[in-house]
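Working notes, beginning with the structure itself.
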Amino acid sequence: MTAQPLLERYRDLLAEPDERFPITLGEGGTPLLHARRLGDELGLDRLFLKFEGTNPTGSFKDRGMVLAVNRAAASGARAVVCASTGNTSASAAAYAAAAGLPCHVVLPAGKVARGKLSQAVAAGARLVMVDGSFDDALGAVRRLGEEGVAAVVNSINPDRLAGQQTAAFEIVDALGESPEAVALPVGNAGNITALWAGFVRYAEAGVTPGGRRPRMLGFQAEGAAPIVNDAPVERPETAATAIRIGNPASWSGAVAARDESGGSIEALTDAEILEMQLRILRSEGLFCEPASAAGVAGVERLAREERLHRSEGVVCILTGHGLKDPDVVAGEEGTLTPVDSDLASIRRAMGL
Ligand code: AN7
């Protein structure tokens, strides 16, 4: 083990006295990169990308899952259960495996990205597909939790949100100050709630210089924008399947984060989100999944409309890895015709 595990690094803020965390997969400690090329294009001198795709299962979910599963195991849970648009199930499956616990996941049929499904299946999780949305699946899982059948590891479990605060701690540690703004996608709204709590906590603990805190900028997809429209969405639809959620569990937390921080929550089209996913990769080399690009697409809009200024420090959370969802960027390789393998043919095909 090289770096100190995440929960040990921040144990003053997260742990009970003498609490032990035997389960770790090396979560957290993700890079915060200064996006100079993209920042230039957007007119922002201090645009940073926090790439959560380097977490062990490829998304930010691992930050909270490590705490939730350690505590579920310590309290004698016989199994864990979650509903998911994909990433929570991949994370739950991995941490449950490491804890030696069975894992049950309830997923909206046909709407989970292939990489996430294969992670959960390969880790030995038991999958139940429902003919319905994430919101329907979460409703059923809540009931199973109330009946004491298994420990619920969705973000309605407060340990999940406590662990996810660590992304805020890491941002302040890396910059040596609070950024002016933090942008991220909003689905079930746990992460915007957790990050805001983390920034407030770090400021109140006297760690953040000047006690400053960022404006929280949340982004939903137009077809799944209950918070923006101030009404639940019965049949949410978006190509960014991670945030295809119509009735977020942490709705009030997201609204509080927005209002207390002086931020905003807005909606983007799928086209805006998918274009930005490729732009991040092609100008910065980082491959994130579609939902993750929503924060950056939103920042592009705010900078264009001069609601963000050139000198402001802006951190976008790239919440998950692009390899999770290979189908959404179906490549050209399947349609290309092979050429002869001699150098001349290859040179010609390259146009060199
Ligand atoms: C890549 O996995 O809800 O607003 O079940 O996977 O905290 O829900 C995933 C959500 C953003 C939204 N980016 O975060 C699930 C699930 C990615 C995500 C979100 C999710 P929340």
Side-chain angles (χ1 to χ4, degrees), residues 30 50-55 57-65 68 81-94 105-108 111-113 115-117 119-120 125 130 133-138 141 152-157 160-161 163-165 167 182-198 216-221 224-228 236 238-255 257-258 265 268 273 277 287-298 316-325 328:
T30 59
K50 184 143 178 82
F51 188 46
E52 293 288 285
T54 67
N55 275 298
T57 76
S59 86
F60 71 96
K61 303 285 182 184
D62 296 340
R63 294 179 178 279
M65 198 59 71
V81 63
C82 66
S84 184
T85 60
N87 278 325
T88 296
S89 66
S91 186
V105 306
V106 187
L107 305 167
K111 301 293 183 181
V112 176
K116 303 174 190 180
L117 261 188
Q119 285 180 287
V130 294
S133 66
F134 165 85
D135 307 281
D136 300 322
L138 184 58
V141 164
V152 177
V153 294
N154 279 104
S155 56
I156 55 175
N157 176 336
R160 280 278 315 282
L161 297 190
Q164 283 175 212
Q165 293 183 24
V182 170
L184 74 172
V186 173
N188 213 23
N191 210 30
I192 191 169
T193 303
L195 263 88
W196 175 240
M216 300 301 294
L217 310 174
F219 296 94
Q220 304 196 290
I227 298 174
V228 178
T238 168
T241 53
I243 52 172
R244 186 176 166 276
I245 294 175
N247 192 8
S250 297
W251 192 320
S252 61
V255 168
R258 178 194 67 193
I265 300 180
L268 298 158
I273 292 170
Q277 182 194 13
F287 189 25
C288 67
E289 65 172 282
S292 306
V296 191
C316 299
I317 316 288
L318 301 184
T319 47
H321 204 292
L323 291 173
K324 295 267 189 181
D325 196 352
V328 79

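Both backbone and side-chain heavy atoms feed into the values below; hydrogens, waters and symmetry mates do not. The first residue of the sequence shown is numbered 1, and numbering continues consecutively from there. Everything numeric here is computed off the predicted structure, so don't read it as measured data. Order of listing sets the numbers, starting from 1, for every ligand and every atom in it.
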| Asn188 side chain near Leu138 side chain, heavy-atom distance below 4.5 Å | yes
| Under 4.0 Å from ligand 1, counting heavy atoms only, is it the side chain of Glu289, its backbone, both or neither? | side chain
| said: So for Asn154, does at least one of its heavy atoms come nearer than 4.0 angstrom to any atom of ligand 1? | reply: no
| request: Answer yes or no: does an N/O atom from Ser89 fall short of 3.5 Å to an N/O atom of ligand 1? | output: no
| query | Among protein heavy atoms, which sits nearest to atom 14 (O) of ligand 1, and what does the distance come to when rounded to 0.1 Å? | reply | Phe60 CZ, 3.5 Å
| field | Side chain to side chain, Pro185 and Ile273, heavy atoms closer than 4.5 Å | value | no
| Asp62 side chain to Thr57 backbone, donor-acceptor under 3.5 Å | yes
| If only atom types and distance count, is the side chain of Asp135 paired as donor or acceptor with the main-chain N or O of Gly246 below 3.5 Å? | yes
| message | Only heavy atoms of Asn87, strictly under 4.0 Å: list the atoms of ligand 1 that pass. | response | 1 (C), 2 (O), 6 (O), 17 (C), 18 (C)
| query | If every non-hydrogen atom of Lys116 is compared with every non-hydrogen atom of Ala90, which pair is closest and at what distance? | reply | O-CB, 4.1 Å
| request: Check whether any side-chain heavy atom of Ser84 lies under 4.5 Å from a side-chain heavy atom of Val105, and answer yes or no. | output: no
| message | Only heavy atoms of Ile245, strictly under 4.0 Å: list the atoms of ligand 1 that pass. | response | 3 (O)
| request: List every atom of ligand 1 that sits less than 4.0 Å from any heavy atom of Thr85, numbering the atoms from 1 in the order shown and giving each element. | output: 2 (O), 3 (O), 5 (O), 9 (C), 15 (C), 16 (C)
| note | Numbered in order shown, the ligand 1 atoms found under 4.0 Å of a heavy atom of Ile243 are 11 (C), 12 (C), 19 (C)
| message | Below 4.0 Å, non-hydrogen atoms only: which portion of Leu184 touches ligand 1? Side chain, backbone, both or neither. | response | neither
| For atom 9 (C) of ligand 1, closest protein heavy-atom neighbour | Lys61 NZ, 3.0 Å
| query | Which atoms of ligand 1 have any heavy atom of Val186 under 4.0 Å away? | reply | 4 (O)
| message | Is there a polar contact between ligand 1 and Thr319, counting only N or O atoms under 3.5 Å apart? | response | yes
| Does Leu195 offer a backbone N or O that forms a donor-acceptor pair with the side chain of Gln164 under 3.5 Å? | no
| note | atom 2 (O) of ligand 1 has as its nearest protein heavy atom Thr88 N, 2.7 Å
| said: For ligand 1, which is the ligand I care about here, please tell me if Lys116 has any N or O atom under 3.5 Å from one of the ligand's N or O atoms. | reply: no
| Can you find a side-chain donor-acceptor pair between Glu52 and Thr30 that sits under 3.5 Å? | yes
| task | List the closest protein heavy-atom neighbour of atom 7 (O) of ligand 1: residue, atom name, distance to the nearest 0.1 Å. | result | Asn191 N, 2.8 Å
| note | The answer for which part of Ser84 has a heavy atom under 4.0 Å from ligand 1 is both
| message | Tell me the closest heavy-atom pair linking Pro290 and Val328, and the distance in Å. | response | CG-CG1, 3.5 Å
| query | Looking at Thr241 and Ala113, what are the two nearest heavy atoms and their distance? | reply | OG1-N, 4.2 Å
| Which one holds for Ile192 and ligand 1: side chain close, backbone close, both close, or neither close, with close meaning a heavy atom under 4.0 Å? | neither
| Would you say Ser155 contacts ligand 1, with heavy atoms under 4.0 Å as the rule? | no
| message | I'd like to know whether ligand 1 has Gln164 as a neighbour, heavy-atom separation below 4.0 Å. | response | no
| query | Can you check whether Gly187 has an N/O within less than 3.5 Å of an N/O in ligand 1? | reply | yes
| field | Where ligand 1 meets Asn188 - atom numbers and elements under 4.0 angstrom, heavy-atom basis | value | 4 (O), 8 (O), 21 (P)
| note | Atoms of ligand 1 under 4.0 Å from any heavy atom of Gly190, numbered from 1 in the order shown, are 4 (O), 7 (O), 21 (P)
| message | In the structure I gave you, are the side-chain heavy atoms of Thr88 and Met65 within less than 4.5 Å of one another anywhere? | response | yes
| Ser91 side chain vs Asn87 backbone, donor-acceptor pair below 3.5 Å | no
| task | Output yes when a side-chain donor or acceptor of Arg244 lies under 3.5 Å from a complementary backbone atom of Phe134, and no otherwise. | result | no
| message | For a 4.5 angstrom cut-off between non-hydrogen side-chain atoms, does Leu117 reach Leu107? | response | yes
| Considering only the protein, which heavy-atom contact is closest to atom 18 (C) of ligand 1, and what is its distance? | Ala242 CB, 3.5 Å
| Relative to the heavy atoms of Gly86, which atoms of ligand 1 are at a distance of less than 4.0 Å? | 2 (O)
| query | Should the ring pair Phe287 and His321 be called parallel, tilted or perpendicular, given that the plane angle runs from 0 to 90° and is split at 30 and 60? | reply | perpendicular
| query | Does Ser59 reach ligand 1, in the sense of a heavy atom lying below 4.0 Å from it? | reply | no
